[in-house]
Protein chains: 2
Amino acid sequence: MAEGSTLAAVAARAGVSIASASRALNGGIASTSTIARVQQAADDLGYRPNLMARGLQSGRTGQVAMLVPDAANPVYARMMSALQSELDAHGIRLLMQQVPAAPVDAVAALSAGLVDGAIVVALRVTDDVVAAVRTAAVPVVVLGLVETAGVDSVRADSHAGMGLLVDHLVAQGARRIGLIVGPVDTTPGRTRLDGFVAACERQGIAADLVEVADDFTHAAARPAARAMLDGGVPDAIVAANDAMALATLRECATRGLRVPHDLLLAGLDDTEPAELSVPSLTSIDLGAHDRARIAARTLLSRIDGAAPTGQQAVAPRLVVRESTTKETA
Amino acid sequence: MAEGSTLAAVAARAGVSIASASRALNGGIASTSTIARVQQAADDLGYRPNLMARGLQSGRTGQVAMLVPDAANPVYARMMSALQSELDAHGIRLLMQQVPAAPVDAVAALSAGLVDGAIVVALRVTDDVVAAVRTAAVPVVVLGLVETAGVDSVRADSHAGMGLLVDHLVAQGARRIGLIVGPVDTTPGRTRLDGFVAACERQGIAADLVEVADDFTHAAARPAARAMLDGGVPDAIVAANDAMALATLRECATRGLRVPHDLLLAGLDDTEPAELSVPSLTSIDLGAHDRARIAARTLLSRIDGAAPTGQQAVAPRLVVRESTTKETA
DNA sequence: CTGAAAGCGCTTACAG
DNA sequence: CTGAAAGCGCTTACAG
């Protein structure tokens, strides 16, 4: 662990002023020989500019944060990849931070100046969260449902996604469909429940078989799946996301229930584990990749001074796999 | 997006000097009335201290970074949780960044002063990486195998872990065992291959059925699994980690091969998906949680000025599940 | 093209 | 207990 050398040290070694050293290193106006000597000195010393000092001065850090509720959910890893490819082109570093469902403090902390902006996944978009986003000292793009004007957001249409799924299941012959959802005081929980109910009504089937898990995770979904199956085996089960669907699949296997033979099963998010599971899992692609890309571009333009764009949405797409198709089983 | 108010603004509003405002806010010496007025002014203005300014001055940022090669691998999410619980107690924020297998630049960039220290997962611990760690301006703890003195590291014993796995498979009756491993110029690739070969020799069985995938991911493991199975069905397959084992399981299913009936299958890391898969996957717990905890504590004491501890290791543990036990199949 | 100087927002001895 | 001042490391007009 070496002490980081300063610009002053580099300048001294090169025999020039600090100002000239700065210009030489940052592509400012400087003579060829100055540039050469400063570069040499910097290399010799292993000089690394102190980004806090630079940031204090310039107001830019070259960093952007992604705030997510659950680092273990593959959908966020996928979004992170998409974000990274957008940001890499601009030489901006992406950092991920795990935060609560209603990340008020974390959003407020963004104003501390350590990042140039942030992309925030908020499960609970409370008024406090919206307020924090609006008063943050840096641009923030919310991945989620925000109706407030002046706030940038990119949302999935999981209401429509649920519709696609229910329609598909009914087309496969299901009449009795259960839903395993997360907390309904969250945006995804509420939207997916509403979408499910609306789709069932449209199809003229009951929408009363619903289990609400404590969280959108594997662990929380397992007991919910148990509770639902204890009440009998429906024709099909839809889970609020792939992670929860996979926990349900596991519970089915434990009970000797075969998917799709004994019941159909589907999730949302279309993550990689859905593709790899046995049977592979039918899911709804909620456009994670596209949402991340749009969010990144929106954030970049906001950082460059553009005004908020408002809400943007990405359409869902049904991805049929083995878990809902009896013929290939 | 409100402009962040400064300490100067708070001080002015409270009618005190900047110095007094700073002391009042940070628990320094100040009169009760000063504290009250400054606090009030800060609240009114929604004041947030600029951490870059504070960091420049104090040399502390209150942030620590975790550098990982693959944000999508659940084992890193698990480590992140363990780290977070350790760091939360100290009011330190944890940020995750995805970096290359040999994160030389990323480690060097740590010296920019944006974090107080870092925990780095390096797949390839090259001399360059070690040099970057040693010369970084902040303490760095490497999660991986580093023999160099003066570098803090916490390693898993995957060599022994492979031994446990091979012994178990042989005990289950396997004689012909295949290995699907990642690049062997990485620490985990090399160690797991070596551990596999050593264990096979000890058991007196062949160790020549090896497929090397391009990466330690689902996607890279799938073609490797295909290649191996194209050559015939061994008694058992071991994959270098759970993600790769799950891809192999999927490939088996696609070919109509039943695990554990037609062949046994096991992975390493003991991640949540291993527990949830159907069949559930036998794996080796390489102590991700403990390693993260040890790394966090080591980093914290380094940040507090302690000298490097050197290498620490965590013992592996076999976790037997359905994928290697025919009786319960 | 180059150097002296100011200033980014904050903390911390140093005198009062 | 409080304020004026220096300084953390850097960038950027401003004169030369």
Side-chain angles (χ1 to χ4, degrees), chain A residues 2-39 41-42 45-63 109-116 136-138, chain B residues 2-39 41-42 45-63 109-116 136-138:
Chain A
E3 65 279 47
S5 52
T6 67
L7 224 209
V10 172
R13 180 175 247 263
V16 300
S17 70
I18 295 182
S20 291
S22 172
R23 284 186 293 253
L25 253 21
N26 298 309
I29 294 173
S31 69
T32 325
S33 83
T34 296
I35 293 180
R37 273 179 305 140
V38 171
Q39 195 58 260
L45 265 31
Y47 171 69
R48 284 268 158 185
N50 180 319
L51 292 191
M52 306 218 80
R54 176 179 286 176
L56 223 207
Q57 174 64 39
S58 69
R60 284 284 183 99
T61 64
Q63 300 195 126
L110 257 20
S111 302
L114 264 9
V115 294
D116 295 336
V138 296
Chain B
E3 65 280 48
S5 52
T6 67
L7 224 209
V10 172
R13 181 175 245 264
V16 301
S17 72
I18 296 182
S20 291
S22 172
R23 284 186 291 252
L25 254 22
N26 298 309
I29 294 173
S31 69
T32 326
S33 83
T34 296
I35 294 179
R37 274 180 303 140
V38 171
Q39 194 58 257
L45 266 32
Y47 171 69
R48 285 267 157 187
N50 181 318
L51 292 191
M52 305 216 82
R54 176 178 288 175
L56 222 208
Q57 175 62 41
S58 69
R60 283 285 183 98
T61 64
Q63 300 195 125
L110 257 21
S111 302
L114 264 8
V115 294
D116 296 335
V138 296

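Every chain is numbered from 1, with letters handed out A, B, ... down the list of sequences.
Atom pair Leu114(A):CG and dC8(C):P shows a separation of 19 Å (rounding to whole Å applied). Distance, Leu7(A) CG to dC8(C) C1': 15 Å, rounded to whole Å. The separation between Leu25(B) atom CG and dC10(C) atom P is 10 Å, rounded to whole Å. Note: CZ (Arg48(B)) to P (dG9(C)) measures 17 Å, nearest angstrom. Separating the CG atom of Leu45(A) from the C1' atom of dC10(D) is a distance of 16 Å, rounded to the nearest angstrom. Atoms CE (Met52(B)) and C1' (dC8(D)) sit 12 Å apart, rounded to a whole Å. Rounded to a whole Å, the CG atom of Asn50(A) is 13 Å from the C1' atom of dT11(D). At whole-Å resolution of the value, CZ in Arg60(A) and C1' in dT12(D) are 16 Å apart.
Across all strands shown, Leu51(A) has no heavy atoms under 4.0 Å from either base or sugar-phosphate atoms. Within the 4.0 angstrom heavy-atom criterion, base atoms lie near Ala19(B).
Distance check: Leu51(B) CG to Leu114(B) CG gives 10.5 Å after rounding to the nearest 0.5 Å. Rounded to the nearest 0.5 angstrom, Thr6(A) OG1 and Asn50(A) CG are separated by 9.5 Å. The CD1 atom of Ile35(A) lies 11.0 Å from the CZ atom of Arg23(A); values are rounded to the nearest 0.5 Å.
The side chain of Ser31(B) places no N or O atom within less than 4.0 Å of a non-bridging phosphate oxygen (OP1 or OP2) of dC1(D). OP1 and OP2 of dC10(C) both lie 4.0 Å or more from every side-chain N or O belonging to Ser58(B). Using a 4.0 Å cut-off, some side-chain N or O of Ser20(A) falls inside it from OP1 or OP2 of dG3(C).
In the set dG9(C), dT2(C), dC1(D), dC1(D) carries the atom at the smallest distance from any side-chain atom of Ile29(B). The Leu56(B) side chain lies nearest to dC8(D) when the options are dT2(D), dC10(D), dC8(D). Which of dG3(C), dG9(D), dT11(D) sits closest to the side chain of Ser22(A) comes down to dT11(D). Among the nucleotides dA4(D), dT11(D), dT11(C), the one closest to the side chain of Gln57(B) is dT11(C).
With hydrogens and angles disregarded, no donor-acceptor distance shorter than 3.5 Å links the side chain of Arg48(A) to the backbone of Ala112(B).
Within the shown strands, dT2(D) is the pairing partner of dA15(C) under the Watson-Crick or G-U definition, both distances less than 3.5 Å.
Taking each heavy atom of Asp116(B) and Gly62(B) in turn, the nearest pair found is OD2-N, 2.7 Å.
Each of Tyr47(A) and Val16(B) was assigned the nucleotide of DNA chain D with the nearest heavy atom; the assignment lying further toward the 5' end belongs to Val16(B).
Between the side chain of Arg23(A) and the base of dG3(C) there is at least one donor-acceptor pair of N/O atoms closer than 3.5 Å.
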